[in-house]
Amino acid sequence: MLSLATTRAAERGTTPGPAATITTALLLPHDRIARAPLTKWAEKLSGSLAKTRETIRKPGDFSQEIAWVANNAALIAAHEGATSMARELCERQIRWHIRLSRRSADPVIAGRSLQPWINLGRLEAQTGSWQTALDRLARLMEYRAGRRFDLGCGTINGSGWRIIAPEPEGFHLFLKGVYVVDSLKALLVSHRYAETLAFASAVRPDCSPGVSRLIHEASAVAACRMGEHEQALAIIADTPLAGTRGWERAVLELRKAEIHACAGDLYDARAALLPLARVVRLVSAEKKSELRVLYVISRIAAACAEAGLDEEARGLAGDAYEGARAAGDEAFEIESLRVLAAASLPTERARWTDELRRVEKATGYRRYRRDGPSSGPDPARTRLYDELLNVLS
């Protein structure tokens with residue numbers, strides 16, 4: 001028996017798109033940081049670390065700068081595939097902030113240990129330990145306004161939460177948002193789609209509108225990945241729109257197109273993508289270099305390529321490529337080049353393919369590296385890790 005998607009495709013003169021995908025990365029706008037070339041990023045952090053050690057003496061100010069450097073360094077290690085180093089940097093930073101807080105009698109310093117503790121959960125999810133990540137993140141909900149948060153090796157209490165929120169209740173809302181969104185990401189990256197739907201159903205009540213929209217997006221992705229395309233479309237249609245802005249609506253329209261394409265219904269996929277692509281092309285170059293916007297443009301370009309809309313894919317990928325270069329985001333640069341190499345005209349294909357190979361060969365990002373593991377440790381990153389471990393010892 002023919003599937004509904006195949007029947008519709010046949011009726012409309014199209015064929016199911018075997019290359020169609022729906023990305024598991026959540027696209028609705030939330031905080032992003034640029035993924036700079038790792039060596040350049042490490043060199044900048046080493047410079048900041050040296051300046052901090054030379055010029056800052058107050059414990060609170062010193063801990064703030066070290067936290068910024070160490071969290072970024074752990075992210076670099078995760079990106080290059082050095083997961084053991086990423087974990088060690090997080091664990092040492094937690095203990096270091098707790099010790100410094102006690103010595104200086106400053107509870108705010110202890111509050112800075114929360115971010116690396118959360119980062120450990122993200123690292124656990126990325127390396128396949130999704131249940132461990134969920135168990136860690138669930139502990140965030142043990143906190144209640146005005147109480148202590150236990151990190152195992154120490155606690156955040158008193159005014160320690162003020163590093164994140166001015167009031168205890170605000171800190172609780174922050175923790176709840178992290179718990180929900182990062183748990184959804186952990187489940188999606190681990191391909192636990194049934195668990196994603198169950199978790200989303202359990203936490204949806206009483207969430208803020210912004211978090212609720214992320215829950216709907218994650219649920220639609222999970223349903224689509226399970227082949228439940230009609231359910232996925234219904235979830236998108238049910239997403240609360242009050243207070244949404246243009247880019248949020250663009251993400252929801254993109255998700256509809258991805259679901260249609262995954263179902264083999266290229267007619268409706270293209271019908272959703274074409275007006276979306278045309279509007280996005282009109283956005284200013286400055287706006288297109290904003291990271292939250294780049295995530296959306298890059299994915300629309302890829303979806304257009306998968307749906308056979310090569311002209312739109314080329315235009316959007318070119319915009320994303322220029323935006324990525326302006327933002328200093330090497331990962332988006334590579335993703336844009338991949339679309340350009342695949343969807344470009346024959347006269348331009350060699351140019352984009354050569355540029356793609358050059359960047360993929362040079363990148364330190366394990367996910368995007370063309371030739372597998374690098375030939376040896378990068379001196380800039382090794383120096384940064386050694387300097388930080390010395391400070392955090």
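Keep in mind that what you see is a predicted model, and the values were worked out from it rather than measured.
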| note | So CD of Glu248 and OG1 of Thr239: to nearest 0.5 Å the spacing works out to 10.5 Å
| note | The reported gap from OH in Tyr267 to CZ in Arg270 (rounded to nearest 0.5 angstrom) is 11.0 Å
| said: Quick check against the 3.5 Å criterion: does Ser212 have a side-chain atom that pairs as donor or acceptor with the backbone of Ser208? | reply: no
| said: Under a plain distance cut-off of 3.5 Å, with no hydrogens placed, do Glu330 and Thr363 share a side-chain donor-acceptor pair? | reply: yes
| said: Taking atom CD as the centre, does Glu311 end up with more than 12 heavy-atom neighbours from other residues, nucleotides or ligands that are less than 6.0 angstrom away? | reply: no
| said: Minimum heavy-atom separation for Ala105 and Pro107, please, with both atom names. | reply: O-CD, 3.7 Å
| message | Using every non-hydrogen atom in the two residues, find where Glu54 and Arg57 come nearest and quote the distance to one decimal. | response | O-NH2, 3.3 Å
| Verdict with supporting geometry, Ser393 and Arg92, side-chain contact (heavy atoms from CB on, under 4.5 Å) | CA-CA 7 Å; Ser393 61; Arg92 286 209 191 187; 4.0 Å; yes
| message | Would you compute the distance between atom OG of Ser183 and atom CZ of Arg136 and round it to the nearest 0.5 angstrom? | response | 12.0 Å
| said: We want to know whether Tyr368 and Glu335 form a side-chain donor-acceptor pair, criterion being a heavy-atom distance below 3.5 angstrom. | reply: yes
| message | Please check: side-chain N/O of Ser190 versus main-chain N/O of Arg192, any donor-acceptor pairing under 3.5 Å? | response | no
| request: Would you mind reporting whether Tyr193 and Thr24 have side-chain heavy atoms less than 4.5 Å apart? | output: yes
| How about Asn71 and Gln93: does a side-chain donor come under 3.5 Å of a side-chain acceptor? | yes
| query | Is Trp41 close to Leu45 at the side-chain level, that is, under 4.5 Å between some pair of heavy atoms? | reply | yes
| query | Partners of Glu217 by salt bridge (charged side-chain N to carboxylate O under 4.0 Å, His left out), sequence neighbours excluded? | reply | Arg255
| message | Determine whether His216 and Arg204 satisfy the following criterion, side-chain contact (heavy atoms from CB on, under 4.5 Å), listing intermediate values before the conclusion. | response | CA-CA 9 Å; His216 276 76; Arg204 185 175 288 114; 3.5 Å; yes
| Tell me, do Ile66 and Val69 make a side-chain contact under 4.5 Å, heavy atoms counted? | no
| said: Less than 4.5 Å apart, side chain to side chain, heavy atoms only: is that true for Ile334 and Tyr321? | reply: no
| Pair Ser46-Glu387, side chain to side chain donor-acceptor pair (under 3.5 Å): steps then yes or no | CA-CA 8 Å; Ser46 286; Glu387 290 168 346; 3.3 Å; yes
| said: In the structure I gave you, are the side-chain heavy atoms of Asp386 and Asn390 within less than 4.5 Å of one another anywhere? | reply: no
| Can you find a heavy atom in the side chain of Cys90 that is under 4.5 Å from one in the side chain of Leu123? | no
| query | Are Leu252 and Leu274 joined in one hydrophobic group, where the rule is that I, L, V, M, F, W and Y side chains link up if heavy atoms are under 4.5 Å apart? | reply | yes
| task | Could you tell me whether the side chain of Asn72 and the main chain of Trp68 form a donor-acceptor pair under 3.5 Å? | result | yes
| Arg299 and Thr21 side chains, donor-acceptor separation under 3.5 Å | yes
| query | Do the side chains of Leu140 and Leu120 join up, straight or via other hydrophobic residues, at under 4.5 Å, putting them in one cluster? | reply | yes
| task | Test side-chain contact (heavy atoms from CB on, under 4.5 Å) on Leu233 and His260 and set out the steps. | result | CA-CA 8 Å; Leu233 289 170; His260 283 305; 3.6 Å; yes
| said: Please determine whether the number of non-hydrogen atoms from other residues, nucleotides or ligands lying under 6.0 Å from atom NZ of Lys44 exceeds 12. | reply: no
| query | Do Phe332 and Val359 belong together in a cluster built from hydrophobic side chains that touch within less than 4.5 Å? | reply | no
| query | Nearest 0.5 Å, what's the CD-CG distance between Glu195 and Leu188? | reply | 11.0 Å
| field | Ile76 side chain reached by Tyr385 side chain, heavy atoms, under 4.5 Å | value | yes
| task | Taking all heavy atoms of Ala20 and all of Glu306, pick out the closest pair and write down the distance. | result | CA-OE1, 3.8 Å
| field | CA sep, side-chain torsions, deciding dist, call: Arg338, Glu360, salt bridge (charged side-chain N to carboxylate O under 4.0 Å, His left out) | value | CA-CA 10 Å; Arg338 286 177 175 176; Glu360 284 181 328; 2.9 Å; yes
| task | Return the minimal non-hydrogen interatomic distance between Cys304 and Glu312, and the atom names on each side. | result | SG-CB, 4.0 Å
| request: May I ask you to check whether Ser63 and Arg112 show a side-chain donor-acceptor distance below 3.5 Å? | output: yes
| remark: Which of Lys288, Arg292, Arg35 passes salt bridge (charged side-chain N to carboxylate O under 4.0 Å, His left out) with Asp329? Answer is Arg35
| Do Arg366 side-chain atoms and His79 backbone N/O form a donor-acceptor pair below 3.5 Å? | no
| message | Under a 3.5 Å distance rule, please check whether Ser201 uses its side chain to pair with a backbone N or O of Ala198 as donor and acceptor. | response | no
| note | Correct closest heavy-atom pair for Gly318 and Leu340 would be N-CD2, 3.9 Å
| Honestly curious: do Ile22 and Leu316 fall in one hydrophobic cluster under the side-chain, below-4.5 Å linking rule? | yes
| Say you draw a straight line from CD of Glu124 to CG of Leu137; how long is it, rounded to the nearest 0.5 Å? | 8.0 Å
| task | Quick one: do Glu258 and Cys224 satisfy side-chain contact (heavy atoms from CB on, under 4.5 Å)? Show the steps, please. | result | CA-CA 9 Å; Glu258 288 179 315; Cys224 182; over 6 Å; no
| Short side-chain donor-acceptor distance under 3.5 Å, Thr39 and Asp378 | yes
| said: Taking the side chain as everything from C-beta on, heavy atoms only, tell me whether Cys207 gets closer than 4.5 Å to Ile215. | reply: yes
| task | Considering non-hydrogen atoms only, spot the tightest contact between Ile235 and Ala220 and give its length. | result | CG2-N, 3.8 Å
| said: Quick test of your reading of the model: are Lys287 and Glu290 salt-bridged, counting only N-O distances below 4.0 Å? | reply: yes
| For Lys256, does the NZ atom sit with more than 12 other heavy atoms under 6.0 Å from it, leaving out its own atoms? | no
| For the hydrophobic clusters of this structure (ILVMFWY residues joined by side-chain heavy atoms under 4.5 Å, transitively), does one cluster hold both Val181 and Val189? | no
| task | For salt bridge (charged side-chain N to carboxylate O under 4.0 Å, His left out), just list the numbers for Arg351 and Glu348, CA-CA rounded to whole Å, side-chain angles, deciding distance to a tenth of an Å, and then say yes or no. | result | CA-CA 5 Å; Arg351 169 198 170 193; Glu348 291 288 315; 2.9 Å; yes
| query | With ring centroids as reference points, do Phe174 and Tyr179 lie under 6.0 angstrom apart? | reply | no
| query | Rounded to the nearest 0.5 Å, what separation is found between the CZ atom of Phe199 and the OG atom of Ser219? | reply | 10.0 Å
| field | Carboxylate-amine/guanidinium proximity below 4.0 Å for Arg87 and Glu91 | value | yes
| field | Distance flag, aromatic centroids of Trp247 and Tyr295, threshold under 6.0 Å | value | no
